[in-house]
K.L.:
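I'd like to ask you about the structure that follows.
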Amino acid sequence: MSNPGRRNTVYLLAAVLWYALANYLSGRHFLPGCSFAELRPQVCLPIFMGIYFGPLFGFVTGALGDSLGYLMAGTNPLPIWHWALANGLMGGIAGLARYFHARRVTTLKGMQTVYLLLLLSTSLPFLFSSGVEVLLGHVPPGKGFSFLFLPIFITDAMFAIILMPLCMLAARLLVMTIPTGIFLMTTYLTSVVVLCTFAGSMITVWGRQALSAIAARDLYMLGMMALLVIIVGFAVAAYFVRRITHPILELTAAADSIAQGQYEGIPQLNDLKERSDELGRLASAFKVMLSMVRKREETLKAEVRQLHIEIDSAHQKQEVSKIVGSDYFKALKSRADQLRIKEHE
Amino acid sequence: MAKIISVHSFRGGTGKSNTTANLAALLTMDGRRVGIVDADIQSPGIHVLFQKREGDFKFLLNDFLWDRCELVQAAYDVTSVLPEKTNGALYLMPSSVNAADIARILNEGYDMNRLSDGFRKVIADLRLDYLIIDTHPGLNEETLLSLALSNILIVVLRPDYQDYEGTGITVEVARELEVPGIFLVVNKMPSSLSEADVRARVEEAYRLPVGAVIPHSDDIMVLASRDLFVCRNPDHPVTRQYRSLASRL
C-alpha cells in the first residue's frame, strides 16, 4: 500500500461504493410533494473527493456511485444517464477549488471560493439534469423547476453548507486563521440555524399524503428564501471580516518584512493609525517601534562603513609620525631587536 | 621558547583585562605555564577576575620596580582558581591599587630596563611558556616598551569610531617596532551586526588577522565582570572564540 497511486484508487473505490449505498438507501424516501428528490447528506462524498483529490476523482465518485445506486435498486441507469452525469459534475465542479488556490483554505478569499463552488456544484448540474427531464417530456417545465430542481438544490446545498466545513476541518483542508476563524464563527451557526428551521418545516409536513401542490411549492420557496438569506449573510459577514482582519494582516505583513530586514515597500498603516480602537493603538506603537529599529540599524551599518574612511585619515598618520619621531621611540627601535626573545632562546 | 604577549587597547574599557585573563586561563588549561603581568600600573584590576584582593599579596609589581623585591616574589600562583586539574600553571603579577603608590609611579616613573630584565628573569625562574602583559591603554612609553619586548601583540577594539583610528595608530607603531605577530580582537560587537561581516571588514581595513569577535550582550557583561568567563561557560560561543585565538598564539 506504499504506492500513493494505488492507495488513492482504493480510497476512490471506497467512496464510490459508499456513495452508491447511501443513494440506494436515501432513494427509498422522496421529499414532500416530490417523486424523485430525496434527502442526501452523502453529496459531501463526491464534493470532498473533488476538493481533496481533484475534479476527476470527484466526478468518478459522483457519476459511478450514482449509477451503482440505481443498479442496487434494480433500476437501469442508462436511460437516466443525465442524473449520473449531474452527480459527477457536482464532484467535478467542487474539484475546481485547487485551481483557485482554495484546496487548502487559509484566507477569507479561499473560504468565499469554497462556498461559491459548493453553491455552483449543487445547483448547475441539477439545473442541467432537470432541464433534460423537461426536454425529454418527462415533466412539465413548471413542475421540473419547483419539484425537481428546487428541492434537490435546496437540500443538497443545505447538507454541503452544514457538513463540508466540518469535513474540511477534519481533513485539515480548512486552516483556522484569524480571517477564516471569524468568518466561520459568524456564518456557520447562522446558516445551521436557518437551514435547520427550514428542515424542521419540511419534516413537519413529511408523509402528509394530502399535501397540496401549492403547499409543497410554498415549502420549497421558503427553502429558497432561507438559502438566499444565507448567501446574503455570507456576503455581509465577508465584508465585516475583511474590515476587521485586513489591518491585522497588514500589520503581520509589515512585521514579516521587517523580520527579514526589508524596510522598503512596507504597508504604510496610515489608515490604521487613524482608528481609535486597539488596532489603531497597535499600529501607532508599531510605527514608532519600526522607526526606532530602522534608525538603530542604519546607525550600526554606518558605523561599519566608517571603518574604511576613518583609518585612512591624515590625522592617524600625523599621530603615528609623532610617536615614531620621538627620541624615546628611536632608542627603543634600535634596541628592540636585542630586547625581544628570539626563536632559539 | 617563551613568548611575550602584549594585550593592548587604545582606549580603556574595551575588555583588555578580560581578554588577558581568559586567554591565560585557556592556555593554562591546555597545559602551558603562563604568567600575567598587570602592567596597567595607573589603573590596575585584573586580580579581581581571579578572586584576589590586594591584601592577599605581600609584594606587588610596584615593589619590584622600586627594587624592594625580585619579580618572582611578586608572582602568585593562581592555578587553583581554574575548574579543572592541569599540568600547566598560572601566575599573576599584580600592581598596587593604592592611590599613593599609583601617584608615585606617575610622578617618579620607573626604570624600564629593570622591567624588561625582570620579565626575562621571571620567565626563566618560573619556566614560563607565555608571559602575557596587560598593558595600559594609549601609547605611553611603558606601552611602547611592552610592544618592543613582545613576540605577539593582541589589540582589543570595539567596533566604534574612536577605536578604529586609535587601533590604526597602535597597529602602525607595532609594525614600526616589527612585532612578529599581531592579532585583533573585536569586543562588544553589537549583536545586530554580523560576525562574519565585521571580521571581514576589520581584517581588510587593517590587513591583520582577527583572532576573535566577541558579541556584546548584557549576559556576557554580568558574567564576565566577576570571574573567568571561559571557565564558567566552557561551551559558550564566546569561549569558542577565545579558544580559537589561544590556539593561534
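Residue numbers begin at 1 in each chain, while the letters A, B, ... track the order of the sequences.
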K.L.:
About how many Å separate CG of B:L145 and OH of A:Y328, when rounded to the nearest 0.5 Å?
P.N.:
4.5 Å
K.L.:
Is chain A contacted by the side chain of B:S150, its backbone, both, or neither, given a heavy-atom distance below 4.5 Å?
P.N.:
backbone
K.L.:
With a 6.0 Å cut-off (strictly less than), is the heavy-atom count around CG of A:L166, excluding the residue itself, greater than 12?
P.N.:
yes
K.L.:
Please report the closest heavy-atom contact between A:K333 and B:L177, naming both atoms and the distance.
P.N.:
CA-CD2, 4.1 Å
K.L.:
Atom CD of A:Q316 and atom CD1 of B:I169: how far apart are they, to the nearest 0.5 Å?
P.N.:
5.5 Å
K.L.:
A quick test of your reading: do over 12 heavy atoms of other residues, nucleotides or ligands sit less than 6.0 Å from OH of A:Y52?
P.N.:
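No, the 6.0 Å shell around OH holds no more than 12 heavy atoms from other groups.
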K.L.:
Could you state the interatomic distance from CD1 (A:I323) to CG (B:L139), rounded to the nearest 0.5 Å?
P.N.:
4.5 Å
K.L.:
May I ask you to name which of B:T170, B:I123, B:V179 has the most heavy-atom pairs under 4.5 Å with chain A?
P.N.:
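Highest number of heavy-atom pairs under 4.5 Å: B:V179.
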K.L.:
Heavy-atom count check: over 12 atoms from other residues, nucleotides or ligands less than 6.0 Å from A:Y11 OH?
P.N.:
no
K.L.:
Please indicate whether B:R199 has more than 12 foreign heavy atoms, meaning atoms of other residues, nucleotides or ligands, lying under 6.0 Å from its CZ.
P.N.:
yes
K.L.:
Return the CD to OG distance between B:E176 and A:S321, rounded to the nearest 0.5 Å.
P.N.:
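Separation between the atoms: 10.0 Å.
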K.L.:
Mind ranking B:E141, B:K3, B:E172, B:E178 by heavy-atom pairs under 4.5 Å with chain A and telling me who comes out on top?
P.N.:
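Top count of heavy-atom pairs under 4.5 Å with chain A: B:E141.
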K.L.:
If you draw a 6.0 Å radius around CG in A:D277, do more than 12 non-hydrogen atoms from other residues or ligands fall strictly inside?
P.N.:
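Above 12, so yes.
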